[in-house]
Peer 1: 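Sharing a structure, written as structure tokens. Questions coming.
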2 protein chains.
Amino acid sequence: MLGEDGDPDTTVEAPDTLETLRSTIVQVYEDLSRRMKQVATFVLDKPEDVAFETLAVIAERADVQPSAIVRFAKILGYPGASQMQKVIRDELLANHMTLAYGERARQFTAASGEADGATDNILGEYVEADLVSLNHLRQSISAAQIREANAAIAQASTVYIAGFRRAFPPASYLAYALQRAGKRTCFIDGTGGLWANQIRGIQPDDLLIAISFRPYAEETVKCHAIALERGAPILSITDSNVSPLVKGSGQVLLVRDAEVRSFRSLTATLCLVQSLVISYAFASQEHDN
Amino acid sequence: MLGEDGDPDTTVEAPDTLETLRSTIVQVYEDLSRRMKQVATFVLDKPEDVAFETLAVIAERADVQPSAIVRFAKILGYPGASQMQKVIRDELLANHMTLAYGERARQFTAASGEADGATDNILGEYVEADLVSLNHLRQSISAAQIREANAAIAQASTVYIAGFRRAFPPASYLAYALQRAGKRTCFIDGTGGLWANQIRGIQPDDLLIAISFRPYAEETVKCHAIALERGAPILSITDSNVSPLVKGSGQVLLVRDAEVRSFRSLTATLCLVQSLVISYAFASQEHDN
DNA sequence: ATCGATATGGAATATTTATTCCTTCTTATT
DNA sequence: AATAAGAAGGAATAAATATTCCATATCGAT
């Protein structure tokens with residue numbers, strides 16, 4: 001038995017870095033019970049969730065009881081789940097936050113002005129930022145994820161596509177291209193405010209592809225909810241694990257688009273969407289022959 | 001008085017992104033009391049702290065009372081401090097956490113075989129091709145051209161935007177973004193086949209931005225012709241000098257998008273369009289002041 | 001200098017969140 | 001098949017955290 005509860009001596013262990021935590025989990029994994037394995041997998045898989053969400057949310061996402069998480073943390077030697085969370089949180093914050101800080105607010109100083117050669121090399125800036133985000137995209141999405149998405153599309157009787165505001169262009173492209181690729185496609189474009197009617201026809205053998213970015217458009221979130229309720233599988237393309245689209249989605253593709261002067265690009269998203277369509281087109285073609 | 005408490009109507013505001021939050025703070029800053037300024041500064045300065053610590057901790061670091069933070073959040077229109085925290089937290093997570101992906105847990109799962117070659121690295125190919133086309137874009141469009149385009153947009157009473165088929169996504173983005181930038185915009189989306197009616201209202205002091213690529217969509221070409229006939233200036237975004245959009249257009253921006261397995265990308269076009277919008281937004285902002 | 005109005009600190013309260021504990025299942029062993 | 005030991009679920013409880021409220025202080029106007 002590992003890390004029995006009350007004992008004051010077993011508390012010496014308890015990993016205090018993400019790495020040691022991970023390796024500890026891997027070490028003990030085989031000896032864990034089914035539920036504990038479930039929690040273990042989740043912690044390894046989604047450390048950001050474990051770090052920044054409440055136990056109730058984590059529990060829901062991992063599909064376990066809150067108490068199971070507490071038990072798991074205790075097995076690892078922590079006094080409670082909170083302490084385990086803190087270890088992960090600190091590490092994630094330390095690693096990734098600092099990097100991001102190059103361009104912190106020029107604060108008040110000319111809050112409005114911008115002045116200088118401002119508009120002069122915007123295109124250059126944009127290209128630069130997009131290059132970075134594309135490279136990141138290449139690294140963050142695996143071929144397996146693309147394949148999985150293709151399978152989902154292939155299986156679907158009809159593909160519903162939802163995307164509003166900033167997500168509208170990639171969504172419209174996806175709808176257009178999938179249709180041309182011979183897939184039955186329904187683009188929820190919200191013309192005349194009829195989006196709710198459009199999505200309500202979705203069936204369990206269809207697929208909803210929902211695209212949304214902060215601040216998540218209400219319509220898309222609602223579509224997601226309706227699809228979920230109607231038992232249809234969902235593929236979400238969004239920008240973070242805290243997106244409202246994540247919960248309940250069979251597959252989630254995370255995209256980190258570039259940002260220039262607080263305007264967000266769409267390049268990475270579009271690139272991903274196009275890759276999806278093309279690989280779907282090729283896959284289905286191969287299959288047909 | 002800003003963001004009075006109980007009023008149900010004042011709750012409409014409340015920034016829902018870090019950027020809008022920041023600019024709101026900057027805007028109201030001068031009207032704040034001493035303590036509130038202290039909180040404001042801290043929020044601008046240490047968003048990570050505000051996002052991830054408890055009120056008690058934040059309060060201590062900012063050297064104020066917890067209640068002061070709550071009060072501050074309410075001034076900004078939030079129901080409480082928690083909601084303000086959530087906005088910041090989500091954004092920081094969205095921005096920086098995704099970076100941590102890519103090396104996600106293969107851990108157990110025995111890394112199922114990376115099967116078939118065909119669809120396997122489409123994303124990689126795409127990224128590669130897009131990188132090239134972006135670099136090309138940077139070299140082929142000059143800052144002067146962007147400036148000229150801005151001037152044309154600025155002068156126009158209303159901007160009409162036409163783009164169908166493959167050009168639809170960038171056109172829809174342009175329409176969306178220009179509108180948000182405060183420009184009167186009419187997007188010719190052809191809903192219900194009414195595009196001809198939409199464009200016929202164009203005036204000589206308006207501007208048509210027409211986007212089209214081979215094989216040039218008939219609708220766009222017709223829009224172009226109508227605008228010409230009605231004496232409105234035209235800015236065309238297209239892919240060659242022999243495009244039907246070139247003749248009669250006051251300005252032409254040529255884009256050479258990447259092509260992967262005979263599918264054409266949209267990245268360069270979108271990048272150009274976004275650059276246009278941003279530089280317009282900044283230019284017009286400067287002008288206002 | 002006095003009054004009124006607004007802002008502040010901090011204790012009291014409400015709410016949310018974590019943890020515990022007891023009952024019900026599971027599963028392995030005889 | 002019966003039994004016992006461990007695991008899991010979930011309600012109850014404890015802890016923490018956020019929010020409210022009010023007495024006191026500060027500031028500006030007369």
Side-chain angles (χ1 to χ4, degrees), chain A residues 1-8 10-11 14 25 28-43 49-89 242, chain B residues 1-8 10-11 14 25 28-43 49-90:
Chain A
M1 213 139 308
L2 283 146
E4 195 55 71
D5 37 53
D7 303 65
T10 49
T11 33
I25 293 176
V28 304
Y29 187 80
E30 275 312 320
D31 302 329
L32 294 173
S33 70
R34 208 175 79 255
R35 246 330 153 275
M36 289 302 107
K37 277 181 182 160
Q38 202 177 330
V39 176
T41 305
F42 190 84
V43 173
D49 281 7
V50 179
F52 299 113
E53 303 292 342
T54 68
L55 280 197
V57 174
I58 302 168
E60 177 173 350
R61 297 217 176 133
D63 194 28
V64 299
Q65 290 288 326
S67 49
I69 301 170
V70 174
R71 247 181 272 140
F72 177 78
K74 292 198 166 173
I75 288 176
L76 260 41
Y78 298 99
S82 309
Q83 288 77 1
M84 181 176 72
Q85 283 184 291
K86 181 165 166 44
V87 167
I88 303 175
R89 180 180 320 145
V242 300
Chain B
M1 202 141 310
L2 283 146
E4 195 58 69
D5 38 52
D7 304 66
T10 49
T11 32
I25 293 177
V28 303
Y29 187 80
E30 277 312 320
D31 302 328
L32 295 173
S33 71
R34 207 174 79 255
R35 223 12 127 259
M36 289 302 107
K37 277 182 182 158
Q38 203 178 329
V39 177
T41 305
F42 190 83
V43 173
D49 282 6
V50 179
F52 299 114
E53 303 294 340
T54 69
L55 280 197
V57 174
I58 301 167
E60 173 168 356
R61 299 216 177 135
D63 195 26
V64 299
Q65 289 291 322
S67 50
I69 301 171
V70 175
R71 247 181 273 139
F72 177 77
K74 292 197 167 174
I75 288 177
L76 259 43
Y78 297 99
S82 308
Q83 288 78 359
M84 181 175 74
Q85 283 185 291
K86 181 166 167 44
V87 167
I88 302 175
R89 176 173 337 133
D90 285 0

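Small disclaimer: the values here were computed from a predicted structure and weren't measured. Below, read A as the first sequence line, B as the second, and so on, with proteins coming before strands; counting in each chain starts at 1.
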Peer 1: Using side-chain heavy atoms (C-beta onward) and a distance below 4.5 Å, is A/Phe72 in contact with A/Val64?
Peer 2: no

Peer 1: For B/Phe52 and D/dT17, give me the distance from atom CZ to atom C1', rounded to whole Å.
Peer 2: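 So the CZ-C1' distance, B/Phe52 to D/dT17, works out to 18 Å.
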
Peer 1: Which residues satisfy the side chain to side chain contact (heavy atoms under 4.5 Å, CB included) test with A/Val87, sequence neighbours excluded?
Peer 2: A/Tyr78

Peer 1: Can you give each donor-acceptor pair under 3.5 Å made by side-chain atoms of residues 32-40 of chain A, sequence neighbours left out, with the distance rounded to 0.1 Å?
Peer 2:
residue : atom : partner : partner atom : Å
A/Ser33 : OG   : A/Met36 : N            : 3.4
A/Arg35 : NH1  : A/Gln38 : OE1          : 3.1
A/Gln38 : NE2  : A/Ala62 : O            : 3.0
A/Gln38 : NE2  : A/Asp63 : O            : 3.0

Peer 1: Which heavy atom of B/Ala14 sits nearest a heavy atom of B/Gly77, and at what distance?
Peer 2: CB-O, 3.4 Å

Peer 1: What heavy-atom pair brings A/Arg89 and B/Phe52 nearest, and what distance separates the two atoms?
Peer 2: NH1-O, 4.4 Å

Peer 1: Using a 4.0 Å heavy-atom cut-off, write out nucleotides 12-18 of chain C from 5' to 3' as B (base contacted by protein), S (sugar-phosphate only) or - (no contact).
Peer 2: -----SS

Peer 1: Separation of B/Arg34 atom CZ from D/dC27 atom C1', in whole Å?
Peer 2: 10 Å

Peer 1: For B/Ile69 and C/dG9, what is the distance between atoms CD1 and C1' respectively, to the nearest whole Å?
Peer 2: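 Distance, rounded to whole Å: 13 Å.
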
Peer 1: Please report the interatomic distance NZ(A/Lys74) to CE(A/Met84), rounded to the nearest 0.5 Å.
Peer 2: 12.5 Å

Peer 1: Return the value, rounded to whole Å, for the distance between atom CD of B/Glu60 and atom P of C/dG10.
Peer 2: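 Nearest whole value for this atom pair: 13 Å.
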
Peer 1: For nucleotides 9-12 of chain D, list the nitrogen or oxygen atoms of the protein found under 3.5 Å from its nitrogen or oxygen atoms, one pair per line.
Peer 2:
residue : atom : partner : partner atom : Å
D/dG9   : OP1  : A/Arg35 : NE           : 3.0
D/dG9   : OP1  : A/Arg35 : NH2          : 2.5
D/dG9   : OP2  : A/Arg35 : NE           : 3.3
D/dG9   : N7   : A/Arg71 : NH2          : 3.1
D/dG10  : OP2  : A/Gln65 : NE2          : 2.6
D/dG10  : N7   : A/Ser67 : OG           : 3.3
D/dG10  : O6   : A/Ser67 : OG           : 3.2

Peer 1: Rounded to whole angstroms, how far apart are CD1 on A/Ile75 and C1' on D/dA8?
Peer 2: 12 Å

Peer 1: Just to verify, what does A/Ala81 make a side chain to side chain contact (heavy atoms under 4.5 Å, CB included) with, not counting sequence neighbours?
Peer 2: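 Residues passing side chain to side chain contact (heavy atoms under 4.5 Å, CB included) with A/Ala81: A/Leu55, A/Ile69, A/Val70, A/Ala73.
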
Peer 1: Nearest whole angstrom, please: distance from the P of D/dT26 to the NZ of B/Lys37.
Peer 2: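 Result: 18 Å.
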
Peer 1: Look only at the side chain of A/Gln85 and the backbone of A/Gly80, and say whether a donor-acceptor pair between them is shorter than 3.5 Å.
Peer 2: no

Peer 1: Within the sub-3.5 Å range, which N or O atoms of nucleotides 22-25 of chain C have a protein N or O partner, and how far apart are they?
Peer 2:
none

Peer 1: Could you state the atom-to-atom distance from CG of B/Asp31 to P of C/dT6 in whole Å?
Peer 2: 15 Å

Peer 1: Kindly write out the residues that satisfy salt bridge (charged side-chain N to carboxylate O under 4.0 Å, His left out) with B/Glu60, not counting sequence neighbours, or none if the list is empty.
Peer 2: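 Once residues adjacent in sequence are excluded, B/Glu60 has no partner under the salt bridge (charged side-chain N to carboxylate O under 4.0 Å, His left out) criterion.
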
Peer 1: Does a side-chain heavy-atom distance below 4.5 Å link B/Asp49 with B/Val57?
Peer 2: no

Peer 1: Just the rounded figure in Å: distance from P of D/dT17 to CE of B/Met84.
Peer 2: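 To the nearest whole Å, that distance equals 17 Å.
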
Peer 1: Which residue pairs pass the salt bridge (charged side-chain N to carboxylate O under 4.0 Å, His left out) test when at least one of the two sits in residues 75-84 of chain B, sequence neighbours left out?
Peer 2: none

